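Working notes for the structure below.
In each ligand, atom 1 is the first atom listed, and ligand 1 is the first ligand listed. We're numbering straight along the sequence, starting at 1. Remember, predicted model here, so these are calculated numbers, not experimental data.
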Amino acid sequence: MRVATLLVLAVAASAAASDADWWQTALIYQIYPRSFKDSDGDGIGDLNGITEKLPYLQQLGVDAIWLSPIYLSPMYDFGYDITNYTKIAPEYGTMEDFDNLMAKAKALGIRVVLDYVPNHTGNESEWFIKSAQREAGYENYYIWADGTPDPNDASTTLPPNNWVSNFRKSAWEYSTTRGQYYLHQFAIGQPDLNYREAKVQEEMKNVLRFWLDKGVSGFRVDAINMMYEVDPNDYGGVYPDEPLSGDEDAAADDYNYLSHIYTRDLNETYNVVYDWRDLLDEYYMTDGEYKIMMTEAYTELTLMIRYYGTDTRNGSIPFNFSFLENIKNNSNARDMKLVIDKWMTYMPNGKTANWVNGNHDQSRVASRQGSDRVDAMNLLALLLPGVALTYQGEEIGMLDGEVTWEQTVDPQACNTDDPINYWKKSRDPNRTPYQWDSSAHAGFSTTTGDTWLPVASNYRTLNLAAQMAAEKSHYKFYKDVLAVRKLPAVRAGDLETTVISESVLVVSRLLPGYPGVVGIVNLSDEEYHLDLTSIKLLPVQMRVVASGVDCPHKKDEWMRKSNITVTAHCALLLQTVRKCC
Ligand code: GLC
Ligand code: MG
């Protein structure tokens, strides 16, 4: 008993010691609450399910969890359509369950980061209902516009302009209550807020304060670059049509049909992010724990890095989606080096890098790149400088599940109206339930009915329990790599990426005065014998600390830098024993 108490104190003390800089090297584990763990047998994951699995995440070594939206919502877009930002969705639990989750997480030294969805609310939001009714003070909370006359039918109108939703078709929906159209850059149930209205800015700051007061450690900010649309006052009182993009693959009602010069990446966006940073810093000043803010914008690199801040203002950590967008299943070591070096080159000096291997909107690493690249991609994300993001299930190399048209629920897929090609747009396959073990529903749920999305059929062999029991597995490799993330060389060492051959990339992290670490990934079907003497600062002898599923090496085995064998698809992590350089 005494020993246990001491241990808990030690954990708490070490967390406190790093409160100021915890975020700079954090491993943030994304939980999609609907699909993580169902505690009450309704086939839907929930907060108590997450709480139940916190010890798993702690022993894995995660620093923080980011929860996709847990708020009251009709779930048209599974929680990204929020009715009330400060209430919990009943199917996920209660505020008491949330407080309990926070307390347990804190006791285990795991920080909690929430999803913040500023671009739009849900159409059941009180703000939206009031705005539709033109209730005093709420008139301008959303983007409203008159329709244009329909030349063929005087009794009706057409949408204000040609803008298209990210989920296909017109971005405008008519409100009979108001007699005007509202803008929705995503689903019809997701009306865009109007950030030119000062009250909206204040309301949304209060949302941040509400959760910060509850002790969260920061936010992931949703769809940030959609936040502003042009001001109609600058365009003769109307929202102007967007020009065509020229994309020949896009149909007229596809998002990519237009060039979104009036609806995304507007300059005004950045200042709002910097204002939120100031707000978060007020809390940091008070309690000494830095609050992380990560922003989601799928956009050009130069626009993305502006979120980091300016000479005079601090900003966010913009998600680095280059692993998702620029590394393909046939990318070689040179391609990967360029992707890594590019971010490091464009990132402003002194800022924190980050590496995203997946999320709830993207096909999984194993499906995108092949299961034989899971260890390599996890190794890179965990070994490179800065924040690493792991989407639930990537630590075991889960594959996208199979979801039929009948089972499809993702609005982006449903909106295709296409029972044959819907899967090209569907995010359901990467949201199938976490595969805990080989029992019914993969241990995700005890329901006697269906789970909200089907469990992937491979769960009997591909599951956490099996990987924990196996001598080698993606899980064991991931955990071994994560275990060295706290070493000074991984936290603060210099980064060197070296292409040894077309298929072999070596990533070293060396810090004078400390043992260094070296990651090696072989992306090909062939075995290579490497001589790393060209990497001058590496000592002659190194020890294996993590050995991927396709490597014969054992942990603690010694290697000489002039003679290293890497088998096909092997991902290896070595540690130097001698202090570096
Ligand atoms: C973000 C979310 C995505 C959601 C969209 C609208 O891209 O990650 O899941 O559908 O925003 O909120
Ligand atoms: Mg449930």
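- Assignment of R427 to the shell around ligand 1 is supported, since a heavy atom sits closer than 4.0 Å.
- The shortest distance between side-chain heavy atoms of E91 and R34 falls below 4.5 Å.
- Closest to atom 7 (O) of ligand 1 by heavy atom, among E296, Q362, M226, is E296.
- Assignment of R431 to the shell around ligand 1 is supported, since a heavy atom sits closer than 4.0 Å.
- With respect to atom 5 (C) of ligand 1, the closest heavy atom belonging to the protein is F186 CE2, 3.8 Å.
- For the ligand labelled ligand 1, residue F167 lies inside the 4.0 Å heavy-atom shell.
- The single protein non-hydrogen atom nearest to atom 10 (O) of ligand 1 is D77 OD2, 2.6 Å, given as residue, atom name and distance.
- The nearest protein atom to atom 2 (C) of ligand 1, hydrogens excluded, is given as D222 OD1, 3.0 Å; this is a heavy-atom distance.
- If you look at R220 next to ligand 1, the close heavy atoms, those under 4.0 Å, all belong to the side chain.
- The single protein non-hydrogen atom nearest to atom 8 (O) of ligand 1 is D361 OD2, 2.5 Å, given as residue, atom name and distance.
- D253 has a carboxylate O that lies under 4.0 Å from a charged side-chain N of R168, or vice versa, which qualifies the two as a salt bridge.
- Among W211, F78, F98, the one residue that satisfies the ring pair (Phe, Tyr, Trp, His ring centres under 6.0 Å) test with Y71 is W211.
- In this structure, F444 and Y459 have side chains that are not in contact, with every pair of non-hydrogen atoms separated by 4.5 Å or more.
- Looking only at side-chain heavy atoms (C-beta outward), W276 and F219 stay at 4.5 Å or farther from each other.
- Contact annotation for H120 and ligand 1: only side-chain heavy atoms (C-beta onward) come within less than 4.0 Å of the ligand.
- Exactly one of H360, Q190, H120 qualifies for a side-chain hydrogen bond (donor to acceptor under 3.5 Å, both in side chains) with Y80. That residue is H360.
- Each of Y85, Y283, Y116 was checked for a side-chain contact (heavy atoms from CB on, under 4.5 Å) with L208, and the lone residue meeting it is Y116.
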